[in-house]
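Counting from 1, the numbers follow the sequence of the chain as shown.
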Amino acid sequence: MAGPAETESLTIRPLDRADRAEWGRLWQGYLKFYKTELPQAQYDLTFERMLSGEPGEFQGFLALLGDRPVGLVHYLFHRHGWKAEPVCYLQDLYADPEVRGRGIGAALITAVYAAADDAGAPTVYWMTQEDNAQARKLYDQIAGVTDFIKYQRPS
């Protein structure tokens with residue numbers, strides 16, 4: 001007998017103002033996974049930025065099983081010194097733990113790939129932690145790992 005995730009249809013769609021509460025729940029899950037907490041004001045600012053429609057601002061998609069939000073992705077387009085076209089940075093990708101391994105992440109990444117294609121961006125890139133084994137299994141199937149190492153100025 002199929003469980004709910006197998007019988008409900010998967011939909012990927014752009015974020016909408018009415019998604020604020022469920023988006024906040026999902027993003028909180030993402031931040032918790034990375035052992036990060038942010039003030040409520042940052043949630044509000046980030047959500048408003050994604051809905052602004054301003055060039056160069058973050059955008060987002062929500063994944064729904066039936067009508068239940070189960071995942072999110074945030075991305076932005078920016079200029080690159082080595083390319084004439086913009087490139088796409090996929091910053092946040094998250095699926096509720098109970099639906100992982102069911103194609104949610106792949107569908108969200110595929111939606112970002114399509115948005116990049118529509119924007120004429122030849123490159124979509126992202127980072128993950130080295131020990132994020134479950135996610136890396138997916139990433140290894142749909143993208144190529146680079147040999148770059150990230151450095152960051154301490155906060």
inquiry  = Tell me whether D140 at atom CG has more than 12 heavy atoms from other residues, nucleotides or ligands lying less than 6.0 Å away.
reply    = yes
query = Shared ILVMFWY cluster between M127 and Y113, side chains joined below 4.5 angstrom?
reply = no
key: Identified ring-ring contact (aromatic ring centres under 6.0 Å, His included) counterpart of H74 within the set W27, F61, Y94   = W27
ask   = Which pairs pass salt bridge (charged side-chain N to carboxylate O under 4.0 Å, His left out) with one or both residues in residues 116-133, sequence neighbours excluded?
value = none
query = Which residues pass the side-chain contact (heavy atoms from CB on, under 4.5 Å) test with A63, sequence neighbours left out?
reply = L10, I12, V70, I104, L108
ask   = Quick one: side-chain contact (heavy atoms from CB on, under 4.5 Å) partners of P122, sequence neighbours excluded?
value = K83, E85
request  = With sequence neighbours excluded, tell me which residues meet salt bridge (Lys or Arg N to Asp or Glu O under 4.0 Å) with D92.
outcome  = none
remark   = residues 53-64 vs side-chain hydrogen bond (donor to acceptor under 3.5 Å, both in side chains), sequence neighbours excluded, gives Q59-Y75
remark   = Across all chains, not counting sequence neighbours, the salt bridge (Lys or Arg N to Asp or Glu O under 4.0 Å) partners of D16 are none
key: Set of side-chain hydrogen bond (donor to acceptor under 3.5 Å, both in side chains) partners for Q152, sequence neighbours left out   = K150
query = Is F148 isolated, or which residues cluster with it under the ILVMFWY side-chain rule of less than 4.5 Å, directly or via members?
reply = none
remark   = Sequence neighbours excluded, the answer for salt bridge (Lys or Arg N to Asp or Glu O under 4.0 Å) partners of R136 is none
W126 ring center near Y89 ring center (under 6.0 Å) = no
task = Please list, chain by chain and in numerical order, all residues satisfying side-chain hydrogen bond (donor to acceptor under 3.5 Å, both in side chains) with H80, sequence neighbours excluded.
result = none
request  = Can you sort out the partners of L45 under side-chain contact (heavy atoms from CB on, under 4.5 Å), two or more places apart, ordered by chain and number?
outcome  = Q42, R49
task = May I have all residue pairs that pass salt bridge (charged side-chain N to carboxylate O under 4.0 Å, His left out) and include part of residues 22-45, sequence neighbours excluded?
result = R20-D44, E22-R25, R25-D96
query = Is L62 reachable from L76 through a run of hydrophobic residues whose side-chain heavy atoms are each under 4.5 Å from the next?
reply = yes
key: Sub-6.0 Å ring centroid separation between Y43 and F47   = no
